[in-house]
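Throughout, numbering of the chain's residues begins at 1 and tracks the sequence. Quick note: numbers below take in every heavy atom, side chains included, and nothing from hydrogens, waters or symmetry partners. Order of listing sets the numbers, starting from 1, for every ligand and every atom in it.
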Amino acid sequence: MNFPDTAFSFTLDAVCPVTGARAGTLHTPRGDIQTPVFMPVGTQATVKAMAPFELEEMGARIILANTYHLYLRPGADIVAEGGGLHGFMQWKRPILTDSGGFQVFSLSTLNRISDEGVWCRSHHDGTPHVMNPEWSMSVQKQLGSDIAMCFDQCAPWPCSREEAEGAVRRTALWAARSKEAHAREWQGERRQALFGIVQGSVWEDLRLRSAKDIIPMDFPGYAVGGLSVGEPHGDMYRILDSLKGVLPSGKPRYLMGVGRPDNLVEGVARGIDMFDCVLPTRNGRNGTLFTPYGAVNIKKKQYERDFTPVDPECDCYACRTFTRAYIRHLYRSGEILASRLCSWHNLRFLIRLGEEMRKAILEGRFPEFRRAFLGRFSGGEA
Ligand SMILES: CC1(C)O[C@H]2[C@@H](O1)[C@@]1(COC(C)(C)O1)O[C@@H]2CNc1nc2cc3nc(N)[nH]c(=O)c3cc2[nH]1
Ligand SMILES: [Zn+2]
């Protein structure tokens, strides 16, 4: 592929004057991404149960993969020999890779952290590994993603203020090392953007401190890390409110690990452009389906003779083709197609929600859209 010298840029197409919600376009060498956008998670180089052509059919413009997982299995060298992630998994559109920092804490069986990096044991076979900014940039280059993330430290929730302060300090240290290592790896070739990550847990002053550390490093995009780790949604929204006027308006803002449909709407209302979460596929596999009124648990007997689509307003293959009764039957019979259809619907629900919010922002009616959506959607069961 030839990479134009303006490999990455972001255009703000419209901003809601009432909420500050944004519609934008992220230009990447593998295609444009219109925002707000939901990014399906493909942790191990696959969005579980979905083939690439199905992801394209449902309108996925960019997907995620995980450095930690792919380094441990099959190994970044094998992915690189397979043509990088795009060749290995045959996904031709943009890919964003998370840097490994978060996963090493949420998955490795044992880990010790220092300013140098993280010593950990693989959750597969207990083998020892050292993960740090230089390791992460090297692996993300072998994976060949279009957007890489800085190696950061995500404080758990809840945590002490001191723990959160330590994560802010170390995240800044590691962001500078990530930026240097990334420049060394790519030698000026602009084929992979590196996004910075802001930490600070649920303390607004620490969030501001982290933003003041990271923003001057001039990344092409910024992520809000350290959220969607079990904290109340109110805390998440309060932190986003505190960052709204701080993060550079001309660059994309990515809220990591989020989330439920109502979280996406509230995130967009607070100036977020990009989202990812395992929820659509994880919920899909246990038969929990998003609808405009909340979640439907397809296993329930009440759907036994319900010959209507999961969501009559949805344009996905599952809703166009099958009924709730049939999908309930598949699920209760342990059929693989149940997971596929439920994941397909949930992914399309969030991708379409991004498309609809973008349209509402462009048409100057986002506050009405937000009110109408949240008025119908109960966070729990429909
Ligand atoms: C680990 C796994 C599978 O991903 C889900 C889910 O479990 C879980 C575990 O705690 C709940 C809330 C229950 O959801 O949190 C994940 C979704 N939240 C999330 N993903 C993130 C990824 C991140 N990556 C980096 N580099 N830095 C971050 O600060 C960061 C923060 C994040 N927050
Ligand atoms: Zn559907």
Side-chain angles (χ1 to χ4, degrees), residues 39 41 43-44 48 54 57-59 64-69 96-108 118 123 131 133 136 140 147-159 164 167-168 170-171 174-175 178 194-201 207 210 214 222-233 235-236 239 254-260 263 267 274-285 289-292 296 298 308-324 327 340-353:
M39 304 183 283
V41 174
T43 297
Q44 303 186 101
K48 293 189 185 325
E54 294 165 329
E57 190 275 344
M58 69 174 75
L64 234 85
N66 268 308
T67 300
Y68 170 83
H69 294 77
L96 182 149
T97 43
D98 198 356
S99 54
F102 179 81
Q103 289 73 30
V104 73
F105 291 111
S106 48
L107 291 170
S108 68
V118 185
H123 67 292
M131 297 177 181
S136 180
Q140 291 184 82
I147 301 173
M149 300 307 295
C150 280
F151 189 77
D152 63 323
Q153 183 186 355
C154 172
W157 187 89
C159 72
V168 166
R170 197 166 274 145
T171 291
W174 289 354
S178 296
L194 177 64
F195 279 19
I197 304 177
V198 170
Q199 293 291 346
S201 188
R207 284 285 172 179
S210 185
I214 303 297
Y222 293 90
V224 180
L227 294 176
S228 186
V229 288
E231 80 286 351
H233 291 146
D235 286 336
M236 177 196 292
I239 291 303
Y254 164 27
L255 177 53
M256 305 186 87
V258 174
R260 260 181 17 190
N263 301 148
M274 302 164 73
F275 302 84
D276 87 275
C277 193
V278 294
L279 217 50
T281 41
R282 182 178 288 188
N283 278 6
R285 291 194 301 281
L289 297 158
F290 296 139
T291 77
V296 158
I298 203 65
T308 65
V310 168
D311 170 6
E313 297 172 24
C314 181
D315 60 1
C316 87
Y317 170 65
C319 294
R320 297 194 314 265
T321 317
F322 305 104
T323 65
R324 291 175 171 193
I327 295 174
R340 283 178 35 72
L341 294 176
C342 294
S343 297
W344 195 321
H345 165 73
N346 282 345
L347 287 167
R348 177 60 192 158
F349 190 92
L350 294 185
I351 291 167
R352 191 162 55 91
L353 180 56

What are the distances between nitrogen or oxygen atoms of ligand 1 and protein nitrogen or oxygen atoms, counting only those under 3.5 Å?
from, atom 1, to, atom 2, distance (Å)
ligand 1, 15 (O), Ser228, O, 3.4
ligand 1, 18 (N), Ser228, O, 2.7
ligand 1, 18 (N), Ser228, OG, 3.4
ligand 1, 24 (N), Asp98, OD1, 3.4
ligand 1, 24 (N), Asp98, OD2, 2.7
ligand 1, 26 (N), Asp98, OD1, 2.8
ligand 1, 26 (N), Asp152, OD1, 2.9
ligand 1, 27 (N), Asp152, OD2, 2.8
ligand 1, 29 (O), Gln199, NE2, 2.9
ligand 1, 29 (O), Gly226, N, 2.7
ligand 1, 33 (N), Leu227, O, 2.8

#### Entry: Flag, side chain of His345 to backbone of Cys316, donor-acceptor distance under 3.5 Å
no

### Any donor-acceptor N/O pair, Arg207 side chain to Ser201 backbone, under 3.5 Å
yes

### Query
Thr171 side chain to Gln153 main-chain N or O, any donor-acceptor pair under 3.5 Å?
yes

### Message
When you compare the side chains of Tyr68 and Asp98, does any donor N or O come within less than 3.5 Å of an acceptor on the partner?
### Response
no

### Query
Any idea which heavy atoms bring Arg348 and Met58 closest together, and the distance?
NH1-O, 3.0 Å

### Query
Between the side chain of Asn346 and the main-chain N/O of Pro280, is any donor-acceptor distance below 3.5 Å?
yes

### Query
For Ser210 and Gln199, does a side-chain donor sit closer than 3.5 Å to a side-chain acceptor?
no

### Message
In terms of relative ring orientation, are Tyr317 and Phe322 parallel, tilted or perpendicular, with 30° and 60° separating the classes?
### Response
perpendicular

### Task
Inspect the contact between Asp311 and Arg352 and indicate whether a charged nitrogen and a carboxylate oxygen are less than 4.0 angstrom apart.
yes

### Task
Anything protein N/O/S under 2.8 Å from the Zn ion (ligand 2)? Just list residue and atom, please.
Cys314 SG, Cys316 SG, Cys319 SG, His345 ND1

